[in-house]
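Ligands are counted one by one from 1 in listed order, and the atoms in each one are counted from 1 as well.
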Amino acid sequence: MEQGVTMNNKQRIDILTSYKDNPMVHPLTCGNNSLHNNLVPVEENKKAILKCLDCDYTQSLDDEFIKMLREYDKALRKILEKYKIMVKELNNENTSNS
Ligand SMILES: [Zn+2]
């Protein structure tokens with residue numbers, strides 16, 4: 001996806017879903033009550049929005065923000081992958097030394 005190219009709603013929802021499922025990010029919480037379940041991305045009135053399933057709260061998002069979430073999600077996933085590899089290597093070293 002190039003800079004400045006508009007996204008369609010499927011792409012927006014894919015980005016939001018990936019972000020939502022990333023265990024390292026701050027969750028997207030309901031603006032009415034943070035104890036509600038995390039917001040879910042849905043398409044409504046031809047727009048990709050975040051919605052609370054526990055009340056009527058919705059959050060509209062502009063593309064700039066969605067792109068920021070995408071970069072953040074991607075960067076954190078890279079860090080997590082790297083970390084898993086490091087832990088694995090460390091475990092291998094420990095086993096071979098013992
Ligand atoms: Zn809510």
Derivation and outcome, side chain to side chain donor-acceptor pair (under 3.5 Å), residues Tyr57 and Gln59: CA-CA 7 Å; Tyr57 183 81; Gln59 176 70 60; 2.7 Å; yes
Considering only NZ, NE, NH1 and NH2 on the basic side and carboxylate oxygens on the acidic side, decide whether Lys51 and Asp56 come within less than 4.0 Å. no
Are any of the side-chain nitrogens in Lys67 or Glu64 under 4.0 Å away from the carboxylate oxygens of its partner? no
Run through the protein N/O/S atoms less than 2.8 Å from the Zn ion (ligand 1) and write them out by chain and number. Cys30 SG, His36 ND1, Cys52 SG, Cys55 SG
If you look only at pairs with a residue in residues 24-42, which of them pass as a salt bridge (charged side-chain N to carboxylate O under 4.0 Å, His left out), with sequence neighbours excluded? none
Determine, for Lys10 against Asp14, whether the closest basic-nitrogen to carboxylate-oxygen distance falls under 4.0 angstrom. yes
Flag if over 12 foreign heavy atoms under 6.0 Å of CE, Met24: yes
